[in-house]
Amino acid sequence: MTLNTLTIAEARDALRKREITSVDLTMSCLTAIDAADGLGAFVHKTPEIALEQARAADARLAAPGAPALCGIPLGIKDLFCTKGVPSQAASNILRGFKPEYESTVTTRLFDAGAVMLGKLNMDEFAMGSSNETSCYGNAVNPWRRQGSNVALTPGGSSGGSASAVAADLCLGATGTDTGGSIRQPAAFTGITGIKPTYGRVSRWGIVAFASSLDQAGPMTKSVRDAAIFLQAMSGHDPKDSTSADIAVPDFEAALTGDIRGKVIGIPREYRMDGMPAEIEALWTRGIEMMRDAGAVIRDISLPHTKYALPAYYVIAPAEASSNLARYDGVKYGHRAKLAQGDGITEMYEKTRAEGFGPEVQRRVMIGTYVLSAGFYDAYYNRARKVRALIKRDFETVFAEGVDSILTPATPSAAFGLGEMASADPVEMYLNDVFTVTVNLAGLPGVAVPVGLDGQGLPLGLQLIGRPWDEGNLLNHAYVLERAAGFVAKPEKWW
Amino acid sequence: MSIDIATARKVAKLARIRVEEEALPALAEQLSGILTFMEQLNEVDVTGIEPMVSVTPMRLTRRADIVTDGGIQPQVLKNAPEAREGFFAVPKVVE
């Protein structure tokens, strides 16, 4: 049985034709998951829920008109609250937390008949680019360098999602992206991942990191799957005041494969000093593929690109320090054991010291600092002004007729787990250099696998779209995917 | 701008995270490194630019000021580390 290797589109068609059942498909994934503990992708398995949902989906599929995701087994990032199922954001401070409610995204997926296989590993509170800050331990990339058994990172923060999809443990997975957390792991594992326009997908019931930047999106084996999956996640939600009351178009129908005359911008500021030759060559190949498909290639300038990362690392920790203030040992999760005479302040301080890992502590403290009296204007307000300039850069090129922007997705291929352990925290932050601008400007961005590097590891390119234009963006990604013809899969070692 | 040990101690206090005295020098150094990285923002001319409040140009919607939820005390308390008689329980706050 290799049903778990199907794409969502293939499984949907076979399920609707009653050639396969959701129960068989789900069993195939559950078997693959049980044989893949070495990947550290699934951290809470939910086989009973999965099989119950699969049986219900099969009953629903007996009649015509079942939704596209009916009977499709998915993995859910641990950041999503799922009723009665541990939802820890990969943090010790939420150990034992079982939500009494269901996030809007998972509610929508379940209403569409999707099957939840379990919860997926991630960086703690989605803060990280290598999945190494997780309280569960590392998620591991199913890809290895040729002739090497060094364990590589699947990227982060949605590392478990990326690893699970790349290893065919599920047909697709939810991810979230605050600075690149869908697109960087997708690129590191040879899969597709889209971060939609801010406001397209409800954030309700997703553990908050930086509320003005967080967006959920799908991680899948193909661009078509991303279109189908995103469709099911999207739409207005009155429970999220930043959710946009804008109609959701048919994303799959937008995949025409025709981009003739479309203008693809190539931002010169993304050609960074010290960029590896392989990344540069991949980008050039991508440009040629789009030109061959009939697109008009145009050099563009996004002059404030260089300031995106420092602006991000002011704004995101500032919002995080506020959002994470709720973890105080009172309402849910961990509370430290107190000593005789300890009062409420000691309870807060000990609980948060024990519950938060080092990277989360650092970011909460940086956020606290930049928001504190005397520094608010110098750091936080200045960063928000720079953010406005970064957004204006994009608005300018879009107003001049650019339809989408093509860039590298990451500055390198997947690196080794532990390789960055002794590095300065800022070095890890550089992973987001190509993706973070998109979050600051609230735009949709998609990572598509395009080739392998000299060591046999996947590399991806990123396409950035106009706000609310995920349909055209996915169509551009579809053209790139077809031209690249990326079909490589990791060799099974786990 | 660099963060000295006294500032690191103060930030940890404000963030309500206990940091042992011997861990403060390393923390101060890391926080300083991150702040140095942020200093690049000073190169940008931001004259006349308004700080961004919302990334999408839309007004936040308002709902009617009426009760829409409630009566779910058991669910609210379900995950509490300590709950007593229908309340969250914490160490004594007022002497």
Side-chain angles (χ1 to χ4, degrees), chain A residues 96-98 100 198-199 212 238 241-242 244-245 304 306-307 309-311 313-314 321 328-335 338 342-350 352-353 356 361-362 364-366 368-370 372 379 381-389 391 424-426 429 440-442 467, chain B residues 1 3 7-8 10-20 23 27 29-31 33-58 60-63 68 72 74-83 88-95:
Chain A
F97 176 56
K98 289 185 184 173
E100 288 292 305
Y198 183 81
S212 79
S241 63
T242 61
D245 196 357
H304 295 91
K306 168 179 177 200
Y307 302 106
L309 262 186
Y313 277 99
V314 174
S321 74
D328 56 5
V330 175
K331 300 179 288 295
Y332 30 61
H334 176 73
R335 176 186 292 187
L338 300 182
D342 275 354
I344 194 146
T345 304
E346 286 80 11
M347 183 191 76
Y348 295 149
E349 291 180 345
K350 288 183 176 178
R352 289 160 66 81
F356 292 145
Q361 291 193 16
R362 252 193 310 272
V364 167
M365 286 192 262
I366 277 286
T368 302
Y369 181 79
V370 299
S372 62
Y379 290 103
N381 267 343
R382 175 166 280 269
R384 291 196 302 144
K385 288 177 185 177
V386 172
R387 185 178 181 187
L389 290 169
K391 182 163 182 260
D424 194 273
V426 171
Y429 298 171
L440 289 169
Chain B
M1 189 75 199
I3 291 190
T7 310
K10 183 178 165 215
V11 170
K13 184 80 191 168
L14 287 172
R16 294 291 183 268
I17 296 174
R18 169 157 301 200
V19 178
E20 300 304 331
L27 176 69
E29 195 182 321
Q30 284 178 339
L31 296 184
I34 297 169
L35 280 185
T36 305
F37 178 60
M38 293 169 179
E39 300 291 310
Q40 291 175 67
L41 294 177
N42 294 329
E43 299 165 13
V44 186
D45 180 5
V46 292
T47 320
I49 304 294
E50 282 297 308
M52 186 190 281
V53 176
S54 165
V55 73
T56 35
M58 55 173 62
L60 286 183
T61 51
R62 295 175 185 182
R63 65 165 176 80
T68 59
I72 52 166
Q75 286 99 307
V76 170
L77 294 173
K78 184 79 181 288
N79 280 289
E82 205 183 338
F88 294 110
V90 296
K92 193 155 79 173
V93 178
V94 184
E95 290 300 323

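Convention: sequence-line order gives letters A, B, ...; per-chain numbering from 1.
- The candidate from K306(A), H334(A), E346(A) with the greatest count of non-hydrogen atom pairs under 4.5 Å with chain B is K306(A).
- The contact between N42(B) and chain A is made by backbone and side chain atoms together, counting heavy-atom distances below 4.5 Å.
- Counting all heavy atoms, side chain and backbone alike, G329(A) lies closest to P81(B) at O-CG, 3.4 Å.
- Side chain of N79(B) to main chain of K98(A): a donor-acceptor pair is present (N/O by atom type, distance under 3.5 Å, no hydrogens or angles).
- If you measure heavy-atom distances from F37(B) to chain A, the contacts under 4.5 Å come from both the backbone and the side chain.
- When all heavy atoms of L31(B) and R362(A) are compared, the pair lying nearest together is CD2-O, 4.0 Å.
- Taking all atoms of both residues into account, the shortest heavy-atom contact from A383(A) to A311(A) is CB-O, 3.9 Å.
- Highest contact tally toward chain A, considering only R62(B), E82(B), Q75(B), is held by Q75(B) [criterion: heavy-atom pairs under 4.5 Å].
- Taking the side chain as every heavy atom from C-beta outward, Y369(A) and L14(B) never approach each other to under 4.5 Å.
- In terms of non-hydrogen atom pairs under 4.5 Å with chain B, the most contact-rich of V364(A), L389(A), D424(A) is L389(A).
- There is no contact between L77(B) and chain A, counting heavy-atom distances below 4.5 Å.
- Contacts between D342(A) and chain B at a heavy-atom distance below 4.5 Å involve the backbone alone (N, CA, C, O).
- Most heavy-atom pairs under 4.5 Å with chain B: of the set R352(A), R382(A), R387(A), K391(A), this distinction falls to R382(A).
- Using a 4.5 Å cut-off between heavy atoms, M365(A) contacts chain B through both its backbone and its side chain.
- Only the backbone of A89(B) has a heavy atom closer than 4.5 Å to any heavy atom of chain A.
- Interface remark: S54(B) contributes no atoms to any contact with chain A (heavy atom separation under 4.5 Å).
- For chain B, the option among Y332(A), Y348(A), Y307(A) with the highest count of heavy-atom pairs below 4.5 Å is Y307(A).
- Of all the listed residues (K10(B), E20(B), Q30(B)), the one sharing the greatest number of non-hydrogen pairs under 4.5 Å with chain A is Q30(B).
- With a 4.5 Å cut-off on non-hydrogen atoms, E50(B) touches chain A through its backbone but not through its side chain.
- Counting only heavy atoms from C-beta outward, the side chains of V44(B) and K385(A) never approach each other to under 4.5 Å.
- Atom CD1 of I344(A) sits about 13.0 Å away from atom NZ of K92(B), to the nearest 0.5 Å.
- Here the side chains of R384(A) and V314(A) are not in contact, with every heavy-atom distance at 4.5 Å or above.
- We find the CG-NE2 distance between D45(B) and H304(A) to be 8.0 Å, quoted to the nearest 0.5 Å.
- Proximity to chain B (any heavy atom under 4.5 Å) is shown, for S321(A), by neither the backbone nor the side chain.
- Note: I366(A) leads L440(A), V386(A), N381(A), I366(A) in heavy-atom pairs under 4.5 Å with chain B.
- In this structure, the portion of A441(A) lying under 4.5 Å from any heavy atom of chain B is its backbone and not its side chain.
- In terms of heavy atoms, F88(B) sits closest to K331(A) at CE2-CA, 3.6 Å.
- Interface remark: V19(B) contributes side-chain atoms only to the contact with chain A (heavy atom separation under 4.5 Å).
- Heavy-atom distances place the side chain of V426(A), and not its backbone, under 4.5 Å from chain B.
- With sequence neighbours left out, the side-chain contact (heavy atoms from CB on, under 4.5 Å) criterion links T345(A) to E349(A), K13(B), R16(B).
- Interface remark: of the candidates Q40(B), E29(B), R63(B), Q40(B) forms the most heavy-atom pairs closer than 4.5 Å to chain A.
- Rounded to the nearest 0.5 angstrom, T368(A) OG1 and I17(B) CD1 are separated by 7.0 Å.
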